[in-house]
Amino acid sequence: MSYSIEPAFTVKNELSRLIIKAGTEPENKWFFTDGLFSSETQLDLCGNTANCENFVVICDSHIVAYFEAPWNKFLKTINGFRFILFDKSKTIDATKAFFQYLDYLFVIRGAKSFFWIVAEKNIHAFRLYEKFIKKYCGHRIGKKHYGQMGYDGEISDVYLYELTQEDYFNWKNK
C-alpha cells in the first residue's frame with residue numbers, strides 16, 4: 001500500500017491551507033454547497049467521530065485527497081459526503097483509499113447509508129459519479145433544482161445519490 005488514511009484533524013493546518021488553495025481552482029468551484037471555501041468550521045470538528053468522519057489520504061508524506069462526511073450517529077448515516085483530490089497524479093491511490101474508507105464506514109462503523117450530491121454543472125464529477133454507480137454500487141435518488149452555488153455565484157441543479165449498506169454488501173459479495 002503506497003498510501004495511508006489518517007484522521008484529518010492530525011494535519012489540520014496543512015489541510016486548511018490546501019482547501020483554501022484548491023478553492024482558487026475553477027474545477028473546485030462546486031466543492032462547498034454555499035459557494036464559500038471555508039476550512040475552519042468542519043476542520044474544528046474533525047477530531048470528533050461522533051459528528052464527522054473526515055480523513056485525508058497521505059502519499060509520500062503529502063496530503064493528496066480529503067474525505068469530508070458529516071456523521072449522524074443516531075441514524076448511522078453519512079449525510080453529504082464530499083471529496084477533493086489535491087494531487088491528480090495520485091488518483092489511483094485516492095481511489096483505493098476511497099474503497100478502504102467505504103469498508104471502514106460500512107463494516108467497522110456500521111453505516112446504514114451514505115448520501116452525496118453533485119452539481120449538474122460540475123460535469124467531470126457528475127460523469128465520475130454516474131460511472132461509479134453503474135460499475136460498482138449506489139444509485140441516483142433524484143434531482144434538486146437550484147441546489148448549489150459555485151464560488152463565482154453561478155447556480156446549478158444537483159443530483160442526489162445514495163449508497164446503502166445493503167447495496168455495498170451486495171456489491172462486495174459479487
Side-chain angles (χ1 to χ4, degrees), residues 1-49 51-71 78-105 114-133 136 138 140 144 146-163:
M1 186 180 323
S2 60
Y3 66 88
S4 65
I5 300 175
E6 306 290 334
F9 76 91
T10 62
V11 292
K12 180 180 172 181
N13 292 338
E14 177 64 11
L15 178 58
S16 181
R17 186 186 71 74
L18 287 171
I19 289 172
I20 297 301
K21 182 180 175 198
T24 64
E25 298 170 12
E27 67 265 21
N28 296 326
K29 81 178 198 175
W30 301 106
F31 184 69
F32 288 105
T33 56
D34 60 4
L36 301 173
F37 261 76
S38 169
S39 60
E40 293 103 21
T41 306
Q42 279 303 102
L43 293 181
D44 285 340
L45 296 173
C46 286
N48 184 351
T49 58
N51 296 323
C52 297
E53 292 289 352
N54 298 359
F55 291 91
V56 291
V57 179
I58 298 181
C59 295
D60 304 320
S61 302
H62 294 92
I63 301 170
V64 299
Y66 172 54
F67 306 143
E68 178 180 297
W71 175 251
I78 294 296
N79 300 314
F81 175 77
R82 292 193 287 221
F83 167 80
I84 192 164
L85 180 64
F86 298 116
D87 184 346
K88 290 172 183 51
S89 72
K90 299 293 184 179
T91 302
I92 292 172
D93 291 320
T95 302
K96 289 177 186 176
F98 175 70
F99 282 106
Q100 184 180 344
Y101 180 70
L102 288 178
D103 266 354
Y104 163 77
L105 291 175
F114 181 87
F115 167 80
W116 74 98
I117 65 171
V118 65
E120 183 177 49
K121 292 182 180 180
N122 187 354
I123 303 297
H124 179 70
F126 172 70
R127 287 181 182 154
L128 285 174
Y129 290 138
E130 287 292 313
K131 286 179 186 177
F132 176 85
I133 64 171
Y136 302 107
R140 187 183 333 153
K144 179 180 175 187
Y146 313 110
Q148 191 165 353
M149 180 176 20
Y151 67 68
D152 60 358
E154 184 178 3
I155 304 290
S156 178
D157 293 344
V158 295
Y159 287 98
L160 298 88
Y161 295 90
E162 180 182 55
L163 173 56

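What you are looking at is a predicted structure, and each value in this text was computed from that prediction instead of being measured.
Proximity of a side-chain donor or acceptor of Ser156 to a complementary backbone N or O of Lys121 within less than 3.5 Å is detected. Under a 3.5 Å cut-off, the side chain of Thr95 and the backbone N or O of Thr91 do form a donor-acceptor pair.
In this structure, the separation between CG on Leu18 and CD1 on Ile20 is 10.5 Å, given to the nearest 0.5 Å. Glu120 contributes atom CD, which lies 11.0 Å from atom CG of Asn122 (distance to the nearest 0.5 angstrom).
When ring centroids are compared, Phe81 and Phe98 come within the 6.0 Å threshold. Between Phe83 and Trp116, the distance from one ring center to the other does not fall under 6.0 angstrom. Between Phe132 and Tyr161, a ring centre-to-centre spacing not shorter than 6.0 Å is recorded.
For the pair Lys90 and Tyr3, the minimum side-chain heavy-atom distance is 4.5 Å or more.
Ring planes of Tyr101 and Phe67: tilted class, angle from 30 to 60°.
Nearest heavy atoms, Val56 versus Pro7: CG2-O, 4.4 Å. The two residues Ala65 and Ala94 come nearest to each other via the heavy atoms CB-CB, 4.1 Å.
Across Phe55, Trp71, Phe114, a single residue satisfies ring pair (Phe, Tyr, Trp, His ring centres under 6.0 Å) together with Tyr104, and that is Phe55.
Around the NZ atom of Lys88, the shell of radius 6.0 Å holds more than 12 heavy atoms that belong to other residues, nucleotides or ligands.
Using a 4.0 Å cut-off between a side-chain N of Lys or Arg and a carboxylate O of Asp or Glu, Glu130 and Arg127 do not qualify as a salt bridge.
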